Structure formats: structure tokens, C-alpha cells
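These notes are about the structure you will find just below.
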Amino acid sequence: MTPATATPPRARTGWRTLRSLFATPTSTVGVVIVGVFLLLAAIGPLVVPYQPNEQLLTARSQPPSLEHWFGTDRLGRDVFSRVVAGARDIFLLAGGGTALAVLLGTLTGLMAPTLGGWWDEITFRLYDTLLALPALLLALLILGTIGPSRSSVLFVIAIAYTPIVARVVRSVVLSVKTRDWVAAARLQGESLVWIVFREILPSVLPALAVESALRFSYAIFLVASLGFLGVGVQPPAPDWGLMVAEARNYVFTTPWTLAFPAAAISLLVIAVNLAADGLGRALQGETR
Amino acid sequence: MTTPSGLHVHELDVTYSTAPGTLPTVRRATLHVPRGRTVGLVGESGSGKSTLALALLRALPENGRISHGHVTLDDVDLTRLDPEALRAIWRNQVRLVPQDPLPAMNPAQRVGSQLAEALEPEDPRKADRAAIDAVLTNVGLPDPRRIKRAYPFELSGGQQQRVMIAMALLGAPSLLVMDEPTTNLDVTTEAAILDLIRDRVRSDDTAVLYVSHSLGVIASLCDDVHVLYAGEIVESAPVEAIYERPLHPYTAGLLAAVPRLDGRGARHPLRAIPGRIPEPGARPDGCSFAPRCPIATPQCHAEVPTLTERDDGRAVACHRADEIAAGTIDPLSQADADGERTPPRPVPLLEARYVSKTYARPSLRPFSRTSRPGVHALRDVSLDVPRDATLGLVGESGSGKSTFARVLVGLEPADDGTVSLEASPVPARLKDRPRALLERLQMVFQSSDEALPPHRTVHSILARPLTRLAGIPAHEVDGHVTRLLEAVNLPPDYATRQPRALSGGERQRVAIARAFASQPDLILFDESVSGLDVSVQASVLNLLDTLQRRHRTGYLFIGHDLAVVAHLADEIAVLYLGTLLERAPTARLLAPPYHPYTEALLAAVPRPDPHAKPVRPPLEGDLPSPSDVPPGCPFATRCPRPLGPTCDDEPPPLRANAAGDHQVRCHIPLDELEAMQSPLVDARDGSA
Amino acid sequence: MTRYLLRRIAFLALTLLLASLLVFTITNLLPGDPARIMLGREAGPAALAEAREALGLDDPFPVRYVTWLGQALQGDFGTSFTTGEAIAPLVFERLGNSMRLAGLTLLIAVPLAILLGVVAALHANRWPDTLISVTSLAVVGLPEFVTGLILIQLFAFGLGWVPANASIAPGATFAEALPAMVLPAITATLVMLAYIARLTRASVAAELTRPYVRTARLKGTSHGTVLRRHVLRNALLPTVTIIAISFGWLISGLIVVENVFNYPGLGRLLTFAIDRRDLPLMQAITLAAVTVFALANLVADVTYAILDPRIRLA
């Protein structure tokens, strides 16, 4: 039932969505943590005490202290500075790859079912085939072939997640396409592109927002896993997964070198999931 | 007292706890359903009738709660029972027949086990099979073996509801609650189910509470009626009394708002009830109906009237009931449309000739290339749609009526046949139609939920056709939007709203305004008022009438409710399984000779008049699948006036009367039909 | 039903064919020269040409693909660039190890996840639900390599219950291999657990609100019987699909887990192959994994069809 009193003018719906992100304590925590990480990624390198690859030969394998909050590793690198520097990488690679996937997935997911016929068939046959390979397997295959580099990690994330985003978008488009208001728009001579972008896209946005957040959390995982397996970002870059891999053999002597990057990954992934959860609930209420 | 007393509901309050807060949904409901009687509970959507029905069974969803009052069944207070005792009551004493039978059955279990569970909840295998077979046969399912082996989805809608009724009858309940059991069925199926309820369900031992929004159904079925408005019972009376002389202004308004088959010809304005039902939690002070009541006094706005029993045994909750009973005041609002008019002689505007459409049904599963047998949605339909008049198109689901509209506007291209507008051919595909043509043909759709794009404002929805089709310059658009809103009786500030902030009736008004924006010559209405409540439907029908006169627009008005269509249409065409069976001016269609199908449809229309008993037995059997249309007459499988093999094998001819304005597709000549039929619409119907 | 089965199998074949084309296309996009990668920097032009000839690298792409696919269909994946051994026996042995680990993981994860999901749904928005969803969310955040390392710390080095290095002697029986598999399986379980539990909860919770549940209750059927006979039967149906989808996760997860524990499975072999840029080995491993994944989906679809009369009888 529609509340008789609600009269939300268009401009305010976005604001309401944003506000409802903070509706529950858990989603608030998620959003705040993601915000802190984002801030660190943006300004972190300016405020951290050391360069990420700066080796302090006098301070190797130091436990956490006031001087080195997260301690130092075997080579005398400040773990805190490296974790903060790694945040920027994560946002650039996982975030950038997700953004690319969302963009490509949305465009193809919107257009293929709208154009129908062979467009739809070919696009989604390709996507189905890509989805026949689990994400990490696909990533390893591609990286194993073209060789690891930061741009190839970005590219791999985009390839791996575009089909999933496109599928989500397509399912919404298909359910919306048969609505009467789409038929009404066609009867008024509206073009396909206009209908897709002005009338269908807004209906896709809620599902897309939640999906993007989820994809981002998976992408963080993927980047970290690739780093850990040694096929992602290469040493000596301060990649979180790579740092865990480098630290695993010294877990008795310098456990902090493993604990802090691992905690960073977990914290960010959990925070993104919490935020996605809140976003999903908020937008579900929006669209009913 | 020695005889069990049936169901007593005393001052029942039901509240729902929701995110915004506690919603009082039913307030101080008091009613009595004696054994052996059928009691109707009538109300529009949002009146709380289903909530009340579930509450008295103690079957409310988890967030619902009985916060005050008692429900006693044969002197046992159900509100005080612990879960174990309540379960015994559920098992042995009460049954519910829900509105939608399919979701009410376990999709993965055979019908037989679900029926058996009603007898032996803990061990269905022990159930008495003979008893199940007997009940199934009794509810008109003559092949119990087949039914029991079937899964719910394998049965037709009518069969599903018969199964639910059989399930309810197993164990001979002392209370049977039926919650709109026929609302989602086709008219002819509904008539058959109502017949079943009348003849087989009612018994001396059972108290039946029948919940419905339809005054026609209630009139034909019930002994007593309770009228529910905004969660409160506003009037209770024996059925004859309430239809003869309603004492509450709301009851009077409801009765006056129903379009009737009255043989008075097309269109006298209906009396609509202005406004809408208040939301629970947003009720006005005083009488809940006061804001919509034409005779409300300051007292009505301040004091809540109580349901008071009167000397004649009736009860009504209205401050002015005495005046209404005495006849010193008229409880009806004035009709909001101009008086009657004589329809102009229809001049063809749009001509459809031999239009055929077959859907290749896609497979049920994704990625499949194999298609199932095609559905013949339309077979050689030829119809003229008049200028400045209304052609009504009537049919049940699967008749092809919506497909016909979609073919005309170009949303679906026809396989065969031609469409021409004022003798110039109209391209079949929408993309081949020039804008000047789009401007002239518009359509209003069925569902008010889907009618408008949810993310745009009313202003932007209306402005778009104004600029694109009507060519209004940008600086004049605002004025035109305001004028369009005024034309459909909506305040100008609605322009800033999004569709979700509108009620169903308001959304449909905006959709109508959008269709009129380009000043078309012809508007197609596809079941555009079916989803609306009676009181709202009446005002939309009046609006359509007014707009037609003002703009001289032709209408193609599609519906399944013959009474509604007959109210608006100058001419009516009847479709069945994609074939045109009859076409005539409205008054002529309502009088013999009828096509046997039209005859059955007319007989099936439930009338809001307890004296109008069904004239003929309803149709046997179900509508054949549109993918499996009989080779001869499409209606042959169900026709009550069959001639024999001719009907089964040969397509019947389209016969016309001498004047040429009445066509019937039947093997029986018109004069013979007329001789064997009696009028189904008499003047009594319209006397209210 | 038979037609449905046949169509699903045909669909499986098409998917595998397209996937093989994709795999082959990706590995042939290599910006380097496979022959040089195989022979190393100091190889002379003559040797390179000879190797190219032997590998068929001079043939056009479609010819190479068809030849490769034809041999693969006969179980011949060629020889490894690095070791010079036949690939097929190696891959099958490792695949066997991985399948054992996957089987053990599913054995632990699926019943546990379904149990948690059902319990959460039945206590929706009360403390068991909150506890389960918060815990599963926390588990979701932990990458396999972190959980794996923590578990090794605790149970191998700390308590000494199981070996830290999950190596298995070739030809070891399931029982012999079990101690080495326990930690990897638990680690992989944690990956899937939250996902399956969460979707099971949603499915059961949705089913509980369906009208037919009310119908059953109003017949006087007891709460437990309603759950057993009606709710779970329908709610667990989608879980079949969920498990199949999460099988993809499991494959990804196992690649990491096997590397953490040095478990001699397909995932460990894949990182080895990538390290050595051993293209034929990479292709074979990927194809094997894709086939297993596709088969899992097929099994899920067929199970679903058998359990759901609406598909079975259509």
C-alpha cells in the first residue's frame, strides 16, 4: 500500500538512499570503515612516516611500537606505511576493475536484451562461456599468459566480473521491458535508447548498486589472492596479499608482518559487505 | 441454548506492527454468523476485510495482533486458546477458502496428499479415501482419481478453487470462511463456483462467512451483510433490507456506484464516491467516512458514530441514520457527469479486416529454440471502431481482446489482415508508423501499478507527449500539464509527484491524461478500470464519458465485466478464443436474440440485487486452451444450445439481422435463437 | 523429462566446446613466443624453428585449435613444456586429489550450512539469526590464505594434531590421506559456509511466508510437520542450485587453499604451470576444472528437475 502522505520529489530520493545507508548500526559501521580506508588511500601516502619500500637497516623485524605502529618487517620496512600504501593499490585495482566491469556490464546488460535477437544471443553466449570458468581460474589463466602486472590485474577483474554484472542488469531489464509504461513510451514514439536510459536505467540502479558493492568486495579478495599466489602485483609493491605471502614463512619471528595486512583485507571486505547489506535493504524499501 | 450458536465476534480490534509504527487495521468489529447461514462481509481494498477474516480464525501473520475483543465459536473463546487447543479447533472446526488457490497449495505435493492432510494432519496416509472421493465428486470434479494424482499447477483455475473448497468441506467444519474465492476467476467460471457454493457448501450445520468486494456476488449468496469501511463495520442488515434501503451513506454510495445491466441503453452517469479510503493510522477524527460523505455534519467530523442496533434488527454506525431511514435526506452524492445523451450514429474511424495473430509460444525454459504449439490469439477478426463513440470489447481471459488492442496500436504486428484509419492503411509495425499517426492512436493499459514509469514525475510524464507528439512549445508546457491534470480532476500540485505517491485511481487518471495529451482521435482502454475499487471505478467511468464528449474521441473499451462495458459502450463486440461471436449496439446486445455465449455471459454477471436469481445454469467445463481451439465453432465444447456434429465440425456463419447492425456467429438462425431465449436483462435491475 | 535431460547434456557439450575455444584463445594471445619460453633465452634459431615445427606453432590458429581439441578429446593433452612428461596422467592424478578434497569439503560444508541457514530462518531476527549472520559475515571477510595460515598455526604447529604440510603419497587411500586433508577442507569449508547458509536462510524465510504454509497450519498440522512436509521440501530445492553455483567458489578457493597447504592438487599444479609458463599444462588444468564445474551444474539442474514436478512433468 502506498502511504497517502508520502510525496518524495525526485531530487530527494538519492539523498534518502544515502541517508538510509546509515539506517542500521551495522551498515553505519560498514560505511564508516570503508570511508576511513578510502581516506587512507587518498591521503595516506602523504601522512605516513616512511616510504613503503624504505628499508630501515637499523630497525629490522621490530615489533609494533610507538615508533612503528605495526612493527617493521625483515627488511626493515615500516608495516603501517606499507599497509596504508596498499590501500591505495586495492582501491585502484579492485575498485577500478569493478568500475570497469560495472560500466561494461551495465551497457551490454541494458542494450543486449533491448536490441534482442542476435545481439542478445552472442553477447550472453560469450558471457555464459566466461562464467563457465570460476573467477580465480580465469584470472590465473589470463595472468599466466600475459604475465602479471598492475594493468593486467585491473583488466582481469573487469573481464571476470563484467558477465555477472551484465546478467544482473539484464534480468532487471527483462522484467521491466514488458511493463505497460514501456509500451506507453513506445506508443509516444520514444526511441529505444531514450527508453533504456531514461526509463529503464533508473529501475536497474538499485540492483546495480548492491551488485557493484558485492563485486567490489569480491574484487578485493581476488586482488589479494592473486598477490598471495604471486601472479598479481609483483614485489616489492606493498600489496596486502603479497605481504601476507612474504610473511608466511616468518610467522613465528615476526607475526605482525602477517597479522596487519591480513586484518586490513578482512576489515575492508567485511565493511564493504556490511555497507552492501545496508544498501540492499535501503533500496529494497525504495523499489518494493 | 442447546443448538451451537455459531460465530460471534465482539468488539474486535486488530493491529499490525510495521516499521512506521502500529497500524490499527480493524476497529471494534462485531458480527454474528449463525450456523446454517451465510453472512457476507463486504468492503473495498484497504477496508480490512481480509484482516478481519484471518483474525477471527486466529491466523494473522506474525506482525498482526488481536488487541481487543473476543471471538467465540460455539461458545468457545478462540482468543484465549493456547496453541495446542487452537490447533484442535483448526483441525476440526474451521476452514478457510482463500482468494488465490494456487499459492495456497504446496506446489511440490500431489493434490491427493494435500486433501488427505485435511483429514489426518499428522498421517495423511490414514485418511479415508472414499470420503475424499465423495467430496471431490460433490464439488464438481467427477474424476477424483485424476485430480488426486495431479499437482496443483496441472489444474485449471476453476478446478484449483474446487479443490480448495473440497479441502474446506472435508471434516464438516462448523465455520467456513471464504475470502474472495471467485475474484480471480473468469466470469463464467465464477458463476459455476458460486452455484457450487449455493448448492453444496451451505448446510444447516455450517456457519459461512463470505468475504467479497463485489456487491453482486454478496447479493446472490448471502443471508446477512456486514459492510466494512476503514476497518469498521458501518452497517449490518439482512441482505434484502440492505439492498432495498441502505442506511449508511457509504453503503448507499457503493450500491449506486456499480454499473448495472439495466437495458436503459448506454451511459447514465454513475454516482461516484469522491476521495479514497483513509490509510490505517491516518484516519480522520470523527466518522472515518465523513471526509467522503455528501451529508456529513460538523458532528460527523468530531464524533465517532457507534454501531447501533435499531428496532428493525439492523445496525448502522451513522449519526444521520434516522433521517436516512425516514427518507428525509438523500445519502447519495450528486452524479459528477452531465446527464444522459443519445449516442451519435457511429461512423467508422478505424477499420480492422480479417486480423489474425498466432503466438509461437517460446519454450518454458531458457535457451530453448523449440517452441510449443502456437496460440491462436486472433482469427480473422473484423471490427470497425467508431469516431466519437465507444466500441466495447468483451471476453474472458484467452479471448484475444488485449491482443486485438495491441495489434491496433502496433505493439504487436498482426500475422494477417489489415488495419486502416479513415481508409488509409496503417502499417502493422510501430516503427513504420509516422509520428502523425502515433499522435492519433493512444492506449491506456490495465494495471495502475505498471501504467506509469516509477522514476519520473507526473509533470515529466505528461510533458513528454505534449512536446513530442502534440508539438507544444516548451514555454507553454507547464500550462498544458496543469490543464491536463484539471481535465482528469487532479490538483495541479500533483505534477511534482512520483507515481508511487499516488493511489491506484490517481495513477490511472494520470495515464488517461497522458493518452489525451496528443489529442488523439482514438483511445484504446485495455481493462483500464478492472483493477479499481467500485467507488473509484465509477468516477473514472464518469470521467471517461465527460472527456469523450469534450474531445469527441473514439474509444475502444475492453473489459471482462459486461456490466461495466455496457455502461460505457454504444456498441459491443464479444470475443471468444480469438473469434468474434457477436456484435451489436448495446441495447440490442442485451436483448434476445443472443449468441449462446453472450447469453451465458449475461446470465453469469452477478447483480447487486438479492431478487435477481441466476436464470440459467452456468456453463459446463473450462475454457479450452487457446492453443487447442475446437475446429468447428470455438464455443461448441461448452455451448448449452448445441445442434450436434455441425457445431463441432463446421465453423458457423456470421449471421446479420435485417438492419445489418447485429451480427451473430452461430449455426442457429437469429429468429430461432430469439424464439428459444428469454430476456436476461429486465427493468428491475436498474431500478435502484 | 528425457527431452529435458538430453537438452541439458547438449547444452553442457556446447558450453564445454565454447569454453575450450576460450581457453585456447586466451593462451594463444600470449605476447611472447611459446617456443622461446620453452627453450629459454640461449636457444638458436634452428632449434626454435624445430620446436615450432614440433609444436605445430606455424599452423594457422583454427587448425591448431582443432588439432588440440581432437587430441584433448582422446585424453591426450600433449607433453609439458617444462618436464617433458605426458600431461594427462599428471593432471588426472592431481584432479583426483582435488576431487577428494572438494568432496570432503562439501561433506562438511553443505549439511552444516543448511543447518545454520534453516536455524537462522526459523529464528528470523532473533538472537540465533543475528549470531549466525554476524559470524558468517565475519567469516566471509577472511581470505582463505589467512584462515589457512591461522589454522596451521593453531592445529599443526601449536597443538600438533595434524601435519602442517598436506603432502600425500601417490596412491594413498582416502583414509591415509585424511589427516592431511582435514585442515585444507576446513579452510575451504569456511569459504562456502557463509554463502550457502545465507542463501538457505533467505530461501527458507521466503517459503515460510507462502500461503500454502498457512493452509497447512489451518488444517491443524503441527508446527514440526508443517516444516518437514512442506517448508523444507520446497525451500531446499533452490539450495541445490546454490550448491552448484558455490562449486565455482570452491574451485577458486581450492586453488588458494592447496597453495597454502602445499596440497598436491590441481590448484597447486596450476600455479606451478603458471610459474613455468607451461602453456599446455595450463590449458589442460583449466579444461579439467571447467569440465568438473559444468558437470556439477548439470547434476544440480537434473536434481532440481527431478525434485520439482513443475519441470519434471512439463
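Any value given below was found using the heavy atoms of this structure, including those in side chains, with hydrogens, waters and symmetry copies removed. Residue numbers start from 1 in every chain, and the chains themselves are labelled A, B, ... in the order their sequence lines are given, proteins ahead of strands. All values derive from a computational prediction rather than experimental measurement.
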Part of [X] within contact of chain A (heavy atom distance under 4.5 Å):
| X | answer |
| --- | --- |
| C/Val23 | both |
| C/Leu149 | side chain |
| C/Leu137 | both |
| C/Leu14 | side chain |
| C/Val260 | both |
| C/Val290 | both |
| C/Arg198 | side chain |
| C/Thr271 | side chain |
| C/Glu144 | both |

Exercise for the section: Would you please classify the geometry between the A/Tyr218 ring and the C/Trp249 ring as parallel, tilted or perpendicular, with 30° and 60° separating the classes? Expected result: perpendicular
Completion exercise
Value for CD1 (A/Ile142) from CD1 (C/Ile26), rounded to nearest 0.5 Å, stands at 4.5 Å
Handout entry: Rounded distance [0.5 Å steps], CG in C/Leu22 versus CG in A/Leu138
Key = 7.0 Å
Completion exercise
Comparing A/Ala262, A/Ala135, A/Ala132 against chain C, the one with the most heavy-atom pairs below 4.5 Å turns out to be A/Ala132
Completion exercise
Highest number of heavy-atom pairs under 4.5 Å with chain C among A/Asn273, A/Ile270, A/Leu141, A/Leu133 belongs to A/Leu141
Practice task
Measure the shortest side-chain to side-chain distance between A/Ile265 and C/Phe145 over non-hydrogen atoms and say whether it is less than 4.5 angstrom.
Solution key: yes
Handout entry: Side-chain heavy-atom pair A/Leu137, C/Leu270 within 4.5 angstrom cut-off
Key = yes
Practice task
Work out which heavy atom in A/Phe221 is nearest to a heavy atom in C/Pro143; give both atom names and the distance.
Solution key: CE2-CA, 3.1 Å
Handout entry: Nearest atoms (heavy-atom pairs only) where A/Arg248 meets C/Asn259
Key = NH1-O, 3.6 Å
Exercise for the section: Specify which of C/Ile255, C/Ile251, C/Leu250 makes the most heavy-atom pairs with chain A at under 4.5 Å. Expected result: C/Ile255
Handout entry: Which atoms of A/Leu267 approach chain C - backbone, side chain, both or neither, heavy atom under 4.5 Å
Key = neither
Practice task
Would you indicate whether C/Tyr65, at its atom OH, is surrounded by more than 12 heavy atoms from other residues, nucleotides or ligands within a distance under 6.0 Å?
Solution key: yes
Practice task
Spell out, as yes or no, whether a donor-acceptor pair under 3.5 Å connects the side chain of C/Ser252 to the backbone of A/Pro134.
Solution key: no
Exercise for the section: Could you walk me through whether A/Leu140 and C/Met282 pass side-chain contact (heavy atoms from CB on, under 4.5 Å), step by step? Expected result: CA-CA 9 Å; A/Leu140 286 175; C/Met282 280 164 60; over 6 Å; no
Exercise for the section: Start with the C-alpha distance between C/Ile274 and A/Leu143, add both sets of side-chain angles, then the distance that settles side-chain contact (heavy atoms from CB on, under 4.5 Å), and finish with yes or no. Expected result: CA-CA 8 Å; C/Ile274 290 171; A/Leu143 289 176; over 6 Å; no
